[in-house]
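Encoded as structure tokens, the structure appears first; notes follow it.
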Amino acid sequence: MTWAASVLTLFPAMFPGPLGQSLAGRALQAGLWSLDVTNIRDFAADRHRTVDDTPFGGGPGMVLRPDIVDAAVHAVADGRPVLCLTPRGRRLTQADARRFAAAPGVILLCGRYEGVDQRVIEARTMDEISIGDYVLSGGELAALVLLDSVVRLLPGVIGAAESALDESFSAGLLEYPQYTRPADWQGRRVPEVLLSGHHAAVAAWRRAEAERITRDRRPDLSAPDLSTPNISTPAAAP
Ligand code: SAH
């Protein structure tokens, strides 16, 4: 069954955007996933096609009306999770991407202006998701980021299935550094162990590097066995 993404937005021309290219774009063409985009404005009821109004309690900006958003959600709702992109949401993780990839698809609500009336978020039991601690001008780029993280995990999208296995965040670790030809570039040599052809030594070096980098940069990720510093030399020769 095709993994189905539905996007609710005031700017439908932003889709598929970058997801029409490369891996995600080829997978879309091949029918490994589908994308339908709904213009929230089509559900406006008045002559001026109004979708927003001023916030109760005062303050700057405009808020998307719950009745209009609800009608747009209703038009696509079919049991798939409904996600509201918002900086107030829980931060998107690789575990979320895996969970969404395992669902039949997702419905993504892109906010604009000051955001969406909270009552429709609750009434539709939306999952509020943020892509990071910064404020974008709309949910569209956030939706594209989320979709990209999910689509690449769908069966058949990435050629070598293994390449998604030991990449960053998969095991609570950042990935080890990568190298390719030339083996000597401007006097900088690739770590010798990677040229050794000794698979166990390569694996051990990569694991140690992944642990070192994770400890240094993202101690908050801490894979289960990372609690105590690893005193062995990461670049140990085979
Ligand atoms: N007034 C809001 C920000 C609104 S930004 C606040 O201070 O919390 C306008 C829209 O952009 C939001 O409704 C949301 O859909 C989207 N957006 C902005 N930053 C985002 C982020 N970090 N993650 C996900 N969506 C974001």
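Counting starts at 1 for both ligands and their atoms, following the listed order. What's counted below: heavy atoms across the whole structure, side chains too, no hydrogens, waters or symmetry copies.
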**OP:** Considering heavy atoms of the protein only, find what lies nearest to atom 26 (C) of ligand 1 and give residue, atom and distance to 0.1 Å.
**Re:** Pro87 CD, 3.6 Å
Subject >> Check: Gly111 N/O within less than 3.5 Å of ligand 1 N/O >> reply: yes
Original post:
Looking at atom 23 (N) of ligand 1, what's its closest protein heavy atom, distance included?
Top reply: Ile131 N, 3.1 Å
Original post:
Run the side-chain contact (heavy atoms from CB on, under 4.5 Å) check on Trp3 and Val157 step by step: do they pass?
Top reply: CA-CA 12 Å; Trp3 192 86; Val157 174; over 6 Å; no
Original post:
Can a protein heavy atom be found under 4.0 Å away from atom 8 (O) of ligand 1?
Top reply: yes
**OP:** Output the list of atoms in ligand 1 that are nearer than 4.0 Å to some heavy atom of Gly139, sorted by atom number.
**Re:** 11 (O), 15 (O), 16 (C)
Original post:
Do Arg212 and Glu209 meet the salt-bridge criterion of a basic N to acidic O distance under 4.0 Å?
Top reply: yes
Subject >> Residue pair Phe43, His74: steps toward the side-chain contact (heavy atoms from CB on, under 4.5 Å) verdict >> reply: CA-CA 10 Å; Phe43 296 86; His74 179 77; over 6 Å; no
Original post:
What atoms of ligand 1 come closer than 4.0 angstrom to any heavy atom of Ala142?
Top reply: 24 (C), 25 (N)
Subject >> Options Val116, Leu136, Leu146, Thr86, ranked by nearest heavy atom to atom 19 (N) of ligand 1, top entry >> reply: Leu136
Original post:
What atoms of ligand 1 come within less than 4.0 Å of a heavy atom belonging to Gly115?
Top reply: 13 (O)
Original post:
Is there any N or O on Leu109 that sits under 3.5 Å from an N or O of ligand 1?
Top reply: no
**OP:** Inspect the contact between Arg90 and Asp96 and indicate whether a charged nitrogen and a carboxylate oxygen are less than 4.0 angstrom apart.
**Re:** yes
**OP:** Determine, step by step, whether Arg189 and Asp184 satisfy the side-chain contact (heavy atoms from CB on, under 4.5 Å) criterion, reporting the C-alpha distance in whole Å, the side-chain angles of both residues, the deciding distance to 0.1 Å, and the verdict.
**Re:** CA-CA 5 Å; Arg189 289 200 43 82; Asp184 186 326; 3.8 Å; yes
Original post:
Is the closest N or O pair between Glu114 and ligand 1 shorter than 3.5 Å?
Top reply: yes
**OP:** Assess the side chains of Glu128 and Thr86: does a donor N or O sit below 3.5 Å from an acceptor N or O?
**Re:** no
**OP:** Can you pull out the closest protein heavy atom to atom 22 (N) of ligand 1? Residue, atom name and distance to 0.1 Å, please.
**Re:** Tyr134 O, 2.8 Å
**OP:** Flag the pair Arg65 and Asp70 as a salt bridge only when some basic side-chain nitrogen lies within less than 4.0 angstrom of an acidic carboxylate oxygen.
**Re:** no
Subject >> Nitrogen or oxygen atoms of Cys110 and ligand 1 under 3.5 Å apart >> reply: no
Subject >> Numbered atoms and elements of ligand 1 in range of Tyr113, under 4.0 angstrom, heavy atoms >> reply: 4 (C), 5 (S), 9 (C)
Subject >> Partner of Phe100 by side-chain contact (heavy atoms from CB on, under 4.5 Å), out of Leu147, Leu108, Leu146, Leu153 >> reply: Leu146
Subject >> Selected option - heavy-atom contact closest to atom 16 (C) of ligand 1, from Gly138, Gly61, Ser130 >> reply: Gly138
**OP:** Kindly check if the number of other-residue, nucleotide or ligand heavy atoms within 6.0 Å of CD (Gln178) is above 12?
**Re:** yes
Original post:
Would you find more than 12 non-hydrogen atoms of other residues, nucleotides or ligands less than 6.0 Å from Arg91 atom CZ?
Top reply: no
Original post:
What is the nearest protein non-hydrogen atom to atom 15 (O) of ligand 1, stated with its residue, atom name and distance?
Top reply: Leu85 O, 2.6 Å
